[in-house]
Amino acid sequence: MKRLSRLTAILTLLQTKKLLTAKEISEKFSVSIRTVYRDIRALEDSGVPVLTEEGKGYTLMEGFRIPPIMFEEKEVNALILAEQLVLKNKDSSFIKDYIQAMDKIKAVLRYSDKQKVNLLSDRTRFSQNSNRDRNSNNLSELQYALTNYFVVKIDYINESGIKSTREIEPFALVSTHENWLLIAWCKLRNDFRYFRLDRMENLILLHEKFTPHKLTLQEFFDQS
C-alpha cells in the first residue's frame, strides 16, 4: 500500500475506533512499528489532532471530523449489494435506518458515480424479498439500548400467548431465517433469556442504565 493511501486508511480507522494501538496499525497494514510512528507523526504534522495515551494507543481529539472520504467504485458496489440483503430483513426500523444511511453515502458521491450506483441498485434483486412482510419494528431501538447500556421495558407475549411485562438488559442480537432474537438479562427471571422481536410490544428505553456484562457472546454460547 502506498503511503498516502495508508495514511488515509489510518485516519479512517482513528475515526471509527476510540483507541488504536501501534501494534494494531502495524498488523493491519503489514508495516513495522517504526513506520507506524512515522505515519502518526506525518498526520500530526498535517494538522490532524492525534492524541497519544501513554501505554494505550492513539485517539483523535474529541469533536474532530474530516470531510467524507470518497469511496472506491467497488466499495460502493459492495454497499449496494448489502442494501439488497438488508431489504430481506424482517425488521422495518433496521431497513429504514440503513436506507437513510445509504442516502447520505450517495449524497457525497460524484455525479458520474451516482449514475452507476443507481443503475446497479435498479439491476440487483434477491427473489423480490423487498416485498416480504415485516414482523418487527424494534431492532434499531434495541441496538441503541445495547450499545448504551439502557434497561428496556417491554410487554412480551410468549409462545402460549401469555403477556408479561419485563425489564431487560440487552446483551446480544441474533438473526435467524424468520426472526431476530434478542439475548438479554431478564430481571424477572434473574437470568439470560431469548426474546423474539416480533413478540415484543410497547418497548420503552428507561433512564436506568445497567453495568455491562463482561461475558462475551461466544462464552454465552459455550455456557448454554
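All heavy atoms count here, side chains included; hydrogens, waters and symmetry mates do not. Predicted model only: the values in this text are computed from it and were never measured.
- Here the side chain of Thr147 pairs a donor or acceptor atom with the backbone of Gln143 at under 3.5 angstrom.
- Here the side chain of Thr21 pairs no donor or acceptor atom with the backbone of Gly57 at under 3.5 angstrom.
- Atom NZ of Lys23 and atom CD1 of Ile33 lie 8.0 Å apart (nearest 0.5 Å).
- Using a cutoff of 4.0 Å between basic side-chain nitrogens and carboxylate oxygens, Asp191 and Arg193 are scored as salt-bridged.
- Judged by distance alone, with hydrogens and angles left aside, the side-chain atoms of Thr59 form no donor-acceptor pair with the main-chain N or O of Leu19 at under 3.5 Å.
- The cationic group of Lys209 lies under 6.0 Å from the six-membered ring centre of Phe150 and within 45° of the ring axis, placing it in a cation-pi geometry.
- Applying the salt bridge (Lys or Arg N to Asp or Glu O under 4.0 Å) test to Glu44 and every residue at least two apart in sequence or in another chain returns nothing.
- Between the Tyr37 side chain and the Ser32 main chain, no donor and acceptor come within less than 3.5 Å of each other.
- Considering all non-hydrogen atoms of both residues, Ile25 and Val31 come closest at O-CG2, 4.4 Å.
- Note that OH of Tyr156 is 10.5 Å distant from SG of Cys186, once rounded to the nearest 0.5 Å.
- Between the side chain of Asp91 and the backbone N or O of Leu139 there is at least one donor-acceptor pair closer than 3.5 Å.
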Report the C-alpha separation of Leu203 and Leu205 in whole Å, then their side-chain angles, then the decisive distance to 0.1 Å, and conclude whether the side chain to side chain contact (heavy atoms under 4.5 Å, CB included) test is met.
-> CA-CA 7 Å; Leu203 183 146; Leu205 270 62; 3.5 Å; yes
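- Of the possible polar contacts, none joining the Ser92 side chain to the Asn137 backbone as a donor-acceptor pair under 3.5 Å is found.
- We find that Glu24 and Lys28 are not joined by a salt bridge, their nearest charged nitrogen and carboxylate oxygen being 4.0 Å or further apart.
- Note that CG of Asn138 is 10.0 Å distant from CG of Leu182, once rounded to the nearest 0.5 Å.
- Note that the CD1 atom of Ile204 and the CD1 atom of Ile154 stand 11.0 Å from one another [nearest 0.5 Å].
- Between Pro170 and Val152, the shortest heavy-atom distance links the atoms CG-CG2, 3.9 Å.
- Note that the CZ atom of Phe192 and the CD atom of Glu169 stand 8.0 Å from one another [nearest 0.5 Å].
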